[in-house]
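Working notes for the structure below.
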Amino acid sequence: MDDHQKRNLTFFTIGLIFMLSGIEYAVILPTIWKYLQILEAPPYFLGLGLSAFSLSGLLTGPLFGLWSDRRKTTKSIILFSNLFEIVGNFMYFIGYSKWLLLCSRLVAGIGAGAGSSIFGFLTRSTRPEERAGIFAAIMAARQAGLLIGPAFNLFLRLCDFKLGPFVVNKYTSPGIFMCLLWVLLQFVVLAMYWDVPPISSEGGAAAVNLEMKQEGEEAPLIGSDEEPVHTYRALGDDQSECEVQPGNGESNPFKNFNVGREFLREEVVVLLTAQFITLFNQTALETMVTPLTQRYFGFGELGNSLMYSLCGVEVILGFFFVRWLSSKVADRAVLATGLVICCTACTWCLVFLCNPRGGYDWELSAFIIGVFLQLLGLPFVAVSQVSLFSKVTAEKTQGFSQGVRRSVGGLATILGPLWAGGLTNNLYIMLGMMLALLVMITVMTALSYDRLTEPRALQCAHSSDSGG
């Protein structure tokens, strides 16, 4: 099997991992509240249970990323992290007490932290021009899991038997079901996942002719251990030429790493802010939608399930549209377009949903348009900011950097529901704050637009390739 086939099978396996994470969310979320009630948990345990998963992923993401950057491997990390998913879901299945249930989500969330290693691997294994498309496909896989997850609930809710000393019913069955799926995935990873060499090192070091500022010599972008290694600056820096610094390809990637220099640059701050605001608004809206449809439209379980299914289809189609668009348009243009759509959607909701008038048909139409616009902008922002982030941060420490990015997103998924949960009866305040955040990040993006581009060294490489 050649490297190309291994690469494709590895990407397919990564898609399965993200799909399973979507299925897990979709099969556990509908029943966890009733499960907690059976275990005599107070109402605030629902928030704790949902936040616990994000919290442990937030804390472990950078650690898994650090591990993958140092070891230059992800297969062993994925196999290790999946053990936490297996154990966590089995604990959820046992469910003797509300505390065990809470701990089960904490343990399972540790496994989700390996996502930073996976994104780091994808960054090193893809070319900049194809990266956004790969990211879009991976994100669409998770949305597919969210879409098909409810279908599994159709038979899981019929479970009513004993497995040894354990009771299998519609509340415990999601735990054992996901446990089995994660076990099966272990075999898939063993058989179909390879730590394929980075694009830049396939077939040996890729020599790229770079014109230096003071010397007319030619040097490779990535050389042997004794050769200089090129670093980059963003286009907005004072020096626009490619730079060379001595380095060793096999040395510790964190030897000269500086957190402030890496993450406090203007373009990185903008992208991390976009990550936070996007997920904060998304989770706030998810929290708000169900009470809103019940209050104004009388939606029950069937109505909400149908709505979420249609939303899932739209988001998947959106990701594949962005996958196509990213090959035609720069990432920063896609990001700007997504932010404009999100601002328009939030403005629409603020005007037409906070104090709905005009009868049931008009109110329902206004709601559908608002939700459609919100979901339309999501793939644009999600894909472009991840792709840009992978290009403006150092490749050697990409796992750790992606862990930081995902931790920022994890914090947003914790704070978003907390913000929206207490303001379902005060939509002006809730949506007003969301719109203010969107306007802020849109202005930040506009002011930093020139810096939101791939590093200068890569552009030199591309121009050299096209010239040759």
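- Within the structure, side-chain hydrogen bond (donor to acceptor under 3.5 Å, both in side chains) contacts touching residues 338-351 (residues at least two apart or in different chains) do not occur.
- Nearest heavy atom pair, residue R124 against residue G399, reads NH1-N, 4.0 Å.
- Q186 places no side-chain N or O within 3.5 Å of a backbone atom of W182 that could act as its donor or acceptor partner.
- Both tests hold for R405 against F119: distance to the six-membered ring centre under 6.0 Å, angle to the ring axis within 45°.
- Residue G409 comes nearest to Q275 through the heavy atom pair CA-NE2, 3.6 Å, listed as atom of the first residue, atom of the second, then distance.
- By the 4.5 Å heavy-atom criterion applied to side chains, T393 and T397 are not counted as neighbours.
- A search for side chain to side chain contact (heavy atoms under 4.5 Å, CB included) contacts involving I341 returns T337, L376, F380, not counting sequence neighbours.
- Annotation: the span from N8 atom CG to M192 atom CE amounts to 10.5 Å, rounded to 0.5 Å.
- Contact between W194 and L9 at its shortest, heavy atoms only, is CZ3-CD1, 3.8 Å.
- Heavy atoms only, all atoms of each residue included: L271 and L335 are closest at CD2-CD2, 4.1 Å.
- Proximity of a side-chain donor or acceptor of S326 to a complementary backbone N or O of V322 within less than 3.5 Å is detected.
- With hydrogens and angles disregarded, a donor-acceptor distance shorter than 3.5 Å links the side chain of N169 to the backbone of T172.
- Between W324 and F321, the ring planes lie tilted relative to each other; the angle falls in the 30° to 60° range.
- When atom types are taken as modelled, the side chain of S56 and the backbone of L106 share a donor-acceptor pair closer than 3.5 angstrom.
- Looking at M434 and L285, their side chains come closer than 4.5 Å, going by heavy atoms from C-beta outward.
- Residue F12 places its CZ atom among 12 or fewer non-hydrogen atoms of other residues, nucleotides or ligands, all under 6.0 Å distant.
- The side-chain hydrogen bond (donor to acceptor under 3.5 Å, both in side chains) analysis of residues 91-109, with sequence neighbours excluded, yields the pairs E24-R105.
- Annotation: the span from E85 atom CD to I17 atom CD1 amounts to 10.0 Å, rounded to 0.5 Å.
- Looking at E395 and K72, no side-chain N of the basic residue comes within less than 4.0 Å of a carboxylate O on the acidic one, giving no salt bridge.
- With hydrogens and angles disregarded, a donor-acceptor distance shorter than 3.5 Å links the side chain of R7 to the backbone of S125.
- The two residues A26 and G149 make their nearest non-hydrogen contact at CB-CA, 3.7 Å.
- The CG atom of L58 sits 4.5 Å away from atom OG of S407, with the distance rounded to the nearest 0.5 Å.
- Under the 3.5 Å distance criterion, the side-chain polar atoms of T283 are matched with a main-chain donor or acceptor of F280.
- For the side-chain contact (heavy atoms from CB on, under 4.5 Å) with D195, the qualifying choice from K6, R71, K75 is K75, the only one to do so.
- Here L373 contributes atom CG and E314 contributes atom CD; the two are 8.5 Å apart, rounded to the nearest 0.5 Å.
- T413 places a side-chain N or O within 3.5 Å of a backbone atom of G410 that can act as its donor or acceptor partner.
- Looking only at distances, no side-chain donor or acceptor of S51 sits under 3.5 Å from a matching main-chain atom of I414.
- Within the 3.5 Å criterion, the main-chain N or O of V392 finds a donor-acceptor partner in the side chain of R265.
- For the pair S21 (side chain) and F18 (backbone), a donor-acceptor distance under 3.5 Å is present.
- A distance of 11.0 Å separates CH2 in W419 from CG in N281, rounded to the nearest 0.5 Å.
- Taking 4.0 Å as the cut-off between side-chain N and carboxylate O, K391 and D331 count as a salt-bridged pair.
- The aromatic rings of F166 and F90 stand perpendicular to each other, their planes meeting at an angle above 60°, with 30° marking the opposite boundary.
- A 6.0 Å sphere centred on CE of M433 holds no more than 12 heavy atoms belonging to other residues, nucleotides or ligands.
- In this structure, K170 places its NZ atom where only 12 or fewer heavy-atom neighbours from other residues, nucleotides or ligands lie under 6.0 Å away.
- By the 30° and 60° cut-offs, the orientation of the rings of F11 relative to F121 is perpendicular.
- Using a 30° and 60° split on the angle between ring planes, F80 and W67 fall in the perpendicular class, above 60°.
- Between Y35 and F93, the shortest heavy-atom distance links the atoms OH-O, 3.6 Å.
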